[in-house]
Structures are given as C-alpha cells and as structure tokens.
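Read the numbers this way: they start at 1 and go in the same order the structure lists the ligands and their atoms. Small disclaimer: the values here were computed from a predicted structure and weren't measured.
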Amino acid sequence: MFYYLIRKLLFLIDPEKAHFLTLKYLKIEKIQLFNFFRTFRKPLKEIKCMGLIFKNKLGAAAGIDKNGEYIEALSEMGFGFIEVGTVTPLPQIGNPKPRIFRIVSMEGIINRMGFNNLGIDNLIKNIKKSNFKGIIGVNIGKNKNTSIENAINDYLICIEKIYIYASYIAINISSPNTISLRNLQYGILFQNLLKKIKKKQRELQKKYFKYVPIAIKISPDLSKKELIIIAKQLIKYKIDAVIATNTTLDHSSVSGLKNSLEQGGLSGLPLQKKSTDIILILSKILKRKIPIIGVGGINSIASAKEKILSGATLIQIYSGLVYHGPKLVRRIIHHI
Ligand SMILES: Cc1cc2nc3c(=O)[nH]c(=O)nc-3n(C[C@H](O)[C@H](O)[C@H](O)COP(=O)(O)O)c2cc1C
C-alpha cells in the first residue's frame with residue numbers, strides 16, 4: 001500500500017529521475033528500512049548454480065545499478081544476487097534524454113538508454129568500496145564507437161579487468177539500443193565470441209586460481225531455429241549459463257497505447273509470455289546441461305513460479321520492481 005502511494009508521486013516525474021531518486025533514497029535509508037523487515041525474515045534455502053551459492057533465486061536484473069553504486073541497498077532489499085552494469089570499457093553518456101518511457105496500463109517500460117555508464121574502472125572502484133559479500137554478476141557490453149568487428153575486444157578488456165571482482169560475468173549481446181550489437185548472436189561472430197571469451201576465462205583461471213562463470217544474455221526476438229543454433233553453441237563451448245531475456249523490439253502487445261511508438265526495448269508485463277516461451281524452448285534443448293536465468297515480466301509470485309517451472313534455475317526482475325516496489329522482492333523470495 002505504502003509503495004503504491006509513493007509510486008503515484010514517482011510516476012508524476014520523468015522515469016529516469018524517479019529511478020535515481022528511489023535508489024538514492026534506498027541507499028540512505030537502507031539500514032533502518034530493511035533491518036526492520038529482516039526481523040521477520042525466515043532463513044531461506046540456498047541454491048547452487050554455475051558452481052556458486054545463491055542465498056535465494058531472485059536477482060536484481062542488469063540496468064538497475066549500471067555503475068555498482070547501490071549494491072548494498074539492493075542486497076538489503078533481499079535480492080539473492082545483484083547483476084550490475086551494463087558497463088563498457090570506456091565511460092559513455094548513452095542516448096539523448098528522455099530515454100525511458102512507462103506504459104502504465106500494461107505495466108510496461110520502453111527504454112533506449114544506450115549503455116550510459118561510467119566505465120569498467122569506475123565500477124571496479126565501487127565494487128572494491130562496497131562491503132557486500134554476496135553474489136555480484138557484472139554485465140558487460142561494447143562501447144558505441146567500437147565497430148561490431150572489433151566488439152570482441154571490448155568484452156575481453158572488460159573480462160580481464162573485472163575477473164577477480166565478479167562472482168560471474170554476463171555477456172550482453174542482446175541490448176536493442178546499441179547498433180548491430182545483436183549481430184553478435186549469429187553465425188561466425190557468435191562462435192568467435194564464445195571461443196575467445198572461453199579462452200580468456202581459461203587463461204585468467206590459471207592466473208588467479210579462480211573460476212569465474214560466464215553467462216550469455218540473449219534477446220527475446222530470436223526465432224526457434226536461431227535459439228536451437230545458439231543453445232547448441234552454448235553447450236559446445238561450455239558456457240556457464242544463459243540469461244533469457246533482454247527487452248523486446250516487438251511493441252505489438254502495447255500498440256495504440258501512449259508511448260508505444262517510442263523507439264527502444266520493451267520490458268515488463270508485455271514481455272512476460274515472450275520470455276517464458278524462450279525459456280521453454282531453451283530448456284528443452286539444454287536439458288539442464290546449462291542453467292537458465294529467467295528474466296522478463298516477472299511481476300508476481302505466480303509469474304516468478306512460472307519462469308522456474310519453465311526451466312529457469314534463477315530469476316531476475318527490473319520492471320516489476322518499478323511497478324510493485326520492494327515488497328514484490330520479499331514476497332517472491334519467500335514463496336519460491
Ligand atoms: C531502464 C532499463 C535499463 C536496462 N538496462 C540494461 C542493461 O544495461 N543491460 C542489460 O543487460 N539489460 C538491461 N535492461 C534489461 C533488463 O535487465 C531485463 O532483461 C528486462 O528489462 C526484462 O526484465 P523485466 O521485464 O523484469 O524488466 C534494462 C531494462 C530497463 C527497463
């Protein structure tokens with residue numbers, strides 16, 4: 001109830017400003033606010049995935065905390081893991097504002113942020129500063145000015161720098177807001193990417209005596225045929241997990257509604273079924289050889305359970321948090 005009152009005020013202002021105001025508030029208030037709720041928390045069952053121990057199945061999706069500035073506040077909310085980023089080798093400002101749009105009646109969000117972030121070095125500083133001892137995934141991407149032919153290099157730079165600070169690394173090749181990025185999901189570009197990141201992972205494992213799992217984050221706009229090819233390659237290259245899915249370019253489910261014609265990736269409830277369908281197809285091919293992290297439109301306990309029943313070992317949310325607030329996190333983690 002309390003969050004829905006605050007939401008009324010937050011929804012009067014620009015979505016990007018509302019996002020930062022909320023996170024800043026949570027950062028300041030985190031101790032008082034969440035310690036109160038923690039008193040009522042019962043111990044939860046831990047989950048093993050990618051060789052790591054997660055305190056629960058629900059994570060904060062990439063994009064909520066691009067620069068790792070709110071790791072503790074998000075953890076205090078109850079999330080079992082936090083995926084920070086997307087970060088790129090160099091800082092970049094992203095697309096012009098406004099670049100986030102709400103589709104309130106459908107609990108949807110369209111964003112075209114374009115990897116605005118302060119760069120990998122700044123993220124490392126923030127991770128080092130934080131006292132968080134849980135699972136931090138670091139989601140990495142390529143800089144806008146790096147050509148798609150040289151994109152792999154950007155991923156390798158980020159992997160090399162972040163390796164010892166990340167619990168796992170997520171390779172984002174599915175954001176629709178960086179030109180040609182999604183081409184990395186296909187053919188020889190995809191195979192080369194997988195080959196080179198696995199080689200880098202092996203080198204760094206030897207150097208640091210530490211294995212850091214690597215997950216690939218995919219788009220919901222792939223056909224079944226494309227998904228089958230991707231899944232087979234993931235198995236071939238022994239990728240540690242697949243994150244399904246990023247936002248969709250298909251706005252047909254919100255057509256006619258305010259903001260539906262804005263360019264960018266659609267998330268939230270309108271993405272729910274599409275991402276679940278992708279998880280269902282993937283899980284049939286992967287047969288639990290590679291874990292799936294399910295994300296897209298989770299806005300209730302039922303939709304969280306549906307993702308898990310469809311084959312996801314872990315789940316993440318972003319838009320659901322905007323529409324339902326921190327209570328949704330607590331409700332989900334206590335019921336799945
Ligand atoms: C404003 C916004 C920014 C996002 N930024 C990123 C990002 O930087 N990297 C990424 O991999 N996904 C990003 N996402 C996608 C989410 O991580 C998630 O995959 C997608 O929103 C579907 O989940 P949801 O329906 O729970 O929001 C972003 C989503 C939103 C709404």
What about I159 and I239, same hydrophobic cluster or not, with Ile/Leu/Val/Met/Phe/Trp/Tyr joined at side-chain heavy-atom distances under 4.5 Å?
yes

Options K217, E83, K66, R102, ranked by nearest heavy atom to atom 8 (O) of ligand 1, top entry
K66

Looking at L314 and N56, what are the two nearest heavy atoms and their distance?
CD2-O, 4.4 Å

Evaluate the ring planes of Y168 and F54, with Trp represented by its six-membered ring, and classify them as parallel (under 30°), tilted (30 to 60°) or perpendicular (over 60°).
tilted

Ion pair check, E203 and K199, cut-off under 4.0 Å
yes

Can you list the ligand 1 atoms lying under 4.0 Å from a non-hydrogen atom of I317?
26 (O)

Would you say G320 and ligand 1 have an N/O pair spaced under 3.5 Å apart?
no

At less than 4.0 angstrom from any non-hydrogen atom of L271, what atoms of ligand 1 do you find?
22 (C)

In the protein, which heavy atom is nearest to atom 31 (C) of ligand 1, and how far is it?
S267 OG, 3.5 Å

Contact atoms of ligand 1, heavy-atom distance to G296 under 4.0 Å:
22 (C), 23 (O), 25 (O)

Answer yes or no: is there an ion pair linking D14 with K97, defined by an N-O contact shorter than 4.0 Å?
no

Considering T245, N299, I315 one by one, which has a heavy atom nearer to atom 19 (O) of ligand 1 than any of the others?
T245

Should T86 be counted as touching ligand 1, given the test is an N or O pair under 3.5 Å?
yes

Looking at ligand 1, is there an atom of it that comes within less than 4.0 Å of some heavy atom belonging to G297?
yes

Less than 3.5 Å apart, any donor N or O on the side chain of S147 or N150 sitting next to an acceptor on the other?
yes

Under 4.0 Å from a heavy atom of V295: which atoms of ligand 1 are those, numbered in the order shown and with their elements?
18 (C), 19 (O), 22 (C), 23 (O)

Within the 4.0 Å heavy-atom shell around N246, which atoms of ligand 1 are there?
10 (C), 11 (O), 12 (N), 15 (C), 19 (O)

Per-atom contacts of ligand 1 with N172, taking only distances under 4.0 Å to non-hydrogen atoms
9 (N), 10 (C), 11 (O)

Could you tell me whether some N/O pair between N139 and ligand 1 is separated by less than 3.5 angstrom?
yes

Can you label the angle between the Y4 ring and the H324 ring as parallel, tilted or perpendicular, going by 30° and 60°?
perpendicular

May I ask you to decide whether K125 forms a salt bridge with D121, counting only side-chain N to carboxylate O separations under 4.0 Å?
no

Near G63 (heavy-atom distance under 4.0 Å), the atoms of ligand 1 are 4 (C), 5 (N), 6 (C), 7 (C), 8 (O)

Check whether any N or O atom of S319, backbone or side chain, sits under 3.5 Å from an N or O atom of ligand 1, and answer yes or no.
yes

Looking only at non-hydrogen atoms, find the nearest pair between S180 and I148 and report the distance.
O-CD1, 3.2 Å

Is there side-chain contact between K284 and L227, with at least one heavy-atom pair below 4.5 Å?
no

Scan side-chain atoms only and decide if T86 and N172 contain a donor-acceptor pair under the 3.5 Å cut-off.
yes

State whether the shortest distance between N or O atoms of A62 and N or O atoms of ligand 1 falls below 3.5 angstrom.
yes

shortest atom 1 (C) of ligand 1-to-protein heavy-atom contact is with Y318 OH, 3.4 Å

